[in-house]
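Reckoned from all heavy atoms, side chains included, excluding hydrogens, waters and symmetry mates. In what follows, every chain begins at residue 1, and chains take the letters A, B, ... in the order their sequences are listed.
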Protein chains: 2
Amino acid sequence: MLLTDRQLLILQVIVDDFIRSAQPVGSRSLSKKEEISFSSATIRNEMSDLEDLGFIEKTHTSSGRVPSEKGYRYYVDHLLSPQVLNQQDVSIIQSIFAEKIFEFEKIIQRSAKILSELTNYTSIVLGPAVSINKLKRIQIIPLNKETAVAIFVTDTGHVENRTFSIPASVDAGDLEKTVNILNDRLAGVPLDDLNDKIYKEVAMLLRQHIHNYDLMLHTIADSLKMPIHEKLFFGGKTNMLSQPEFHDISKIRSLLMMIDQEEWIYNLIRKNSAGIHVKIGRENNNSAMENCSLITATYSAGQEKLGTIAILGPTRMEYSRVISLLKFLSKDLSEVLTKLYQNI
Amino acid sequence: MLLTDRQLLILQVIVDDFIRSAQPVGSRSLSKKEEISFSSATIRNEMSDLEDLGFIEKTHTSSGRVPSEKGYRYYVDHLLSPQVLNQQDVSIIQSIFAEKIFEFEKIIQRSAKILSELTNYTSIVLGPAVSINKLKRIQIIPLNKETAVAIFVTDTGHVENRTFSIPASVDAGDLEKTVNILNDRLAGVPLDDLNDKIYKEVAMLLRQHIHNYDLMLHTIADSLKMPIHEKLFFGGKTNMLSQPEFHDISKIRSLLMMIDQEEWIYNLIRKNSAGIHVKIGRENNNSAMENCSLITATYSAGQEKLGTIAILGPTRMEYSRVISLLKFLSKDLSEVLTKLYQNI
DNA sequence: AATTAGCACTCGGCAACAAGGAGTGCTAAC
DNA sequence: GTTAGCACTCCTTGTTGCCGAGTGCTAATT
């Protein structure tokens, strides 16, 4: 079931044209293109074959053709001509890193914003996984007799905090001793493993030094129980409203609701392995995304994958351009973060 | 230009009916209502007068009438029958406070969510102003030779943190001394006044104890410069998509873009004094809000105003119900926060 | 003098219909 | 194998006519 060169050419031109115009492509308008040197009748025959093979579809009996999901898939896998970014795009992306920055939440937020502005689609950035960072220091600060704040600082400078109530039987001295023991034992431990480590190693020590040790232990362990979700950042949530395929309010509605849900997006994006991934339409397994494609790229520090950047657009999206942008940004982002992490 | 009782009645019924149905109200359908005991012809005459006075409008020459902004304003100011919340609403709102909570970000987020679910409009909650909270403790935690995290804990348990680079001439001992001085001098000072206080009181002390004191000073002051914006929380951003007045994509678009902007909303909401405020349509001074009304209420701890809760809906919104809900929630919220603050 | 019944008129919405255009599929000629 | 030609399909647009809901005005009624 191999396609002939001419079929490939026609498929490519159809997809390109439809991406540009959002209008079904007819044989006559194709025949007028430079790249194409045969008559509309020939094209009609080829299109008929391409339709039989499932790469293109008609919207009604006598309409032009529109790429099917299979068509987009083939286009992305085999026909994509890598687009070179123009100088303007490059410098806009690089402007993200212009200022000296310490907190990558800022960088990441700015990345999302700029990505959505450059593409006019919706951008999504999954922040770095905090849970693999290593604990630098724990601090417990009493607010009053009954409550205190526990602060966890990671080696990357990320700060988590939890408020908890101090067990009645615990006094200030106990608290201080506990903090010392915790810092002693837990520094350098990934946040993910804290709970484990607390019960396995710290419990014993606490018992030796603190009166009501197990109450204290559970209080601290409880503060840590809440899983630390990677944060999602969005840019251009409303951009989809300008896409002609979303003239229909109910489609927009279900899409925006899904986006605001965050959970779906989180699951779609998180599990990705390194590199660029393109998911087209129903490949996303979500009815709200039927007319959407999601392109993801990962960024990392050194060898370690940190997070994901992604673009959500209509299936009729500028795959080539978006992929180039994502590749470029993820490379830059990784370089900057690698440097940042080396200092730690 | 006082309205007769009959005119008031008619105006009220028109507004009520339009709020319910979103359809222009005609004289005949009005005459069928229970409350109304005169003929459609009489109603037509009265409606004509009400239109001359600017309280109602026609959508075209032979259509029924629709409330004008002036009509809504009058309705809200004079004709609103305070609605009693049903038991279900009450218990749903109270469920917000069911769990024991320490961090009001959680409470507030939940409030926004529930408010939007109860009303089917968009809810907005302005978080408590952090900047008036008093500093409880400063902690500086070095990450490596060049960078450190400064952590500021307030008496309410709020934690702010900033990463900064350590001046080359400063060593660990200096850092520790600085932190001690800062805690000594700044505990109990509102975050707003920290900068001032640092330059006026702390500078001198630093000079006595630290070698390169002014570099240190500026580094610390810089970390504090960034103003601490109250956070905005939203619920039901997409609810407006279901409102019939927003069938028009371009209206939806400009509204959602304005909401995502956050700045406009922030300015609309922040400056409000205590109590319920209703802003109708163009009273909001924002073209994107032409068909919207914004109802705000404040919440406080003790005497101190902390933040704002608001509902953004179409001008054709259920004013009575929304006002009752906001009143109720703001009262509950204030009570809970007052208790929380008393412990501090 | 206030209210109401009656009636002509207006306008939006809907369905039916026609014309035009863009497109296809098929057949026959090149 | 390619292309010209043609009949056919279906969407789009515009026109027309009609119905229903509503108004404003006038004249009759209370």
Side-chain angles (χ1 to χ4, degrees), chain A residues 2-11 13-18 20-68 71 244-245 247-248, chain B residues 2-11 13-18 20-68 71 244-245 247-248:
Chain A
L2 254 165
L3 297 181
T4 66
D5 281 357
R6 195 164 66 188
Q7 287 174 322
L8 292 183
L9 176 62
I10 289 179
L11 177 56
V13 177
I14 289 176
V15 178
D16 280 336
D17 195 73
F18 184 68
R20 199 182 38 73
S21 70
Q23 297 297 329
V25 187
S27 58
R28 225 179 95 77
S29 72
L30 274 186
S31 71
K32 284 190 202 136
K33 301 239 168 203
E34 270 187 7
E35 311 92 298
I36 288 182
S37 51
F38 21 89
S39 77
S40 65
T42 312
I43 296 172
R44 276 202 290 284
N45 291 329
E46 296 285 28
M47 282 168 103
S48 182
D49 292 348
L50 283 172
E51 185 174 7
D52 289 343
L53 294 171
F55 292 104
I56 53 182
E57 298 167 342
K58 284 190 278 197
T59 60
H60 58 87
T61 20
S62 73
S63 76
R65 302 307 208 294
V66 157
S68 66
E245 29 271 279
H247 263 313
D248 181 0
Chain B
L2 252 165
L3 298 180
T4 65
D5 281 356
R6 195 165 66 188
Q7 286 174 322
L8 291 183
L9 176 62
I10 290 179
L11 178 55
V13 177
I14 289 177
V15 177
D16 280 336
D17 195 72
F18 185 67
R20 200 180 40 72
S21 70
Q23 299 295 329
V25 187
S27 58
R28 223 178 97 77
S29 71
L30 274 186
S31 70
K32 285 191 204 138
K33 302 238 170 204
E34 269 187 10
E35 312 92 297
I36 288 181
S37 53
F38 21 90
S39 77
S40 63
T42 311
I43 297 172
R44 277 202 290 283
N45 291 329
E46 296 286 26
M47 282 167 102
S48 181
D49 291 347
L50 282 172
E51 183 172 7
D52 288 343
L53 293 170
F55 291 105
I56 53 181
E57 298 168 343
K58 284 190 277 197
T59 60
H60 58 86
T61 19
S62 71
S63 75
R65 304 305 211 290
V66 156
S68 67
E245 30 269 282
H247 264 313
D248 181 0

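Remark: side-chain polar atoms of A:Ser21 are paired, donor with acceptor, to backbone N or O of A:Asp17 under 3.5 angstrom. Within the 3.5 Å criterion, the main-chain N or O of B:Gly54 finds a donor-acceptor partner in the side chain of B:Ser68. Without hydrogens or angle criteria, B:Ser63 side chain to B:Thr59 main chain gives a donor-acceptor distance under 3.5 Å. Side-chain atoms of B:Ser27 do not come within 3.5 Å of backbone N or O of B:Ile43 as any donor-acceptor pair.
One N or O donor and one acceptor, one from the side chain of A:Arg44 and one from the base of D:dG5, sit under 3.5 Å apart. With hydrogens and angles left out, the side chain of B:Arg65 and the base of D:dG24 share no donor-acceptor pair within 3.5 Å.
Looking at the side chain of B:Thr42, the nearest of the listed nucleotides C:dT4, D:dT3, D:dG24 is C:dT4.
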Every protein N/O lying under 3.5 Å from an N/O of nucleotides 9-12 of chain D:
from: D:dT9; atom 1: O3'; to: A:Thr61; atom 2: OG1; distance (Å): 3.3
from: D:dT9; atom 1: O2; to: A:Ser62; atom 2: OG; distance (Å): 2.5
from: D:dC10; atom 1: OP1; to: A:Thr61; atom 2: OG1; distance (Å): 3.0
from: D:dC10; atom 1: O5'; to: A:Thr61; atom 2: OG1; distance (Å): 3.1
from: D:dC10; atom 1: O4'; to: A:Ser62; atom 2: OG; distance (Å): 3.3
from: D:dC10; atom 1: O3'; to: A:His60; atom 2: ND1; distance (Å): 3.4

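Summary of the strand contacts: B:Arg6 and A:Ser29 both lie near DNA chain C, and taking for each the nucleotide with the nearest heavy atom, the more 5' one is attributed to B:Arg6.
Remark: P of C:dG25 and CD of A:Glu46 are 13 Å apart, rounded to the nearest angstrom. At whole-Å resolution of the value, CD1 in A:Ile10 and P in C:dT24 are 11 Å apart. Between the CD1 atom of B:Ile43 and the P atom of D:dG22 there is a distance of 12 Å, rounded to whole Å. Separating the CG atom of B:Leu30 from the P atom of D:dA21 is a distance of 15 Å, rounded to the nearest angstrom. Summarising the geometry, the separation between CZ on B:Phe18 and P on D:dG22 is reported as 13 Å, rounded to the nearest angstrom. Rounded to whole angstrom, the span from the CZ atom of B:Arg28 across to the C1' atom of D:dG24 amounts to 17 Å. When the P atom of D:dA21 is taken as reference, atom NZ of B:Lys58 falls 18 Å away, rounded to whole Å. Atoms CG (B:Asn45) and P (C:dT3) sit 9 Å apart, rounded to a whole Å.
Contact record, A:Thr4 with A:Glu46: OG1-OE2, 4.4 Å, taken as the closest heavy-atom pair. Listed here is the closest heavy atom pair of B:Val13 and B:Glu35: CG2-OE2, 4.0 Å. Taking every heavy atom of both residues into account, A:Met47 and A:Ile56 meet most closely at O-CD1, 3.6 Å.
Listed pair B:Ser27 / D:dT23 meets the phosphate criterion, a side-chain N or O lying under 4.0 Å from OP1 or OP2.
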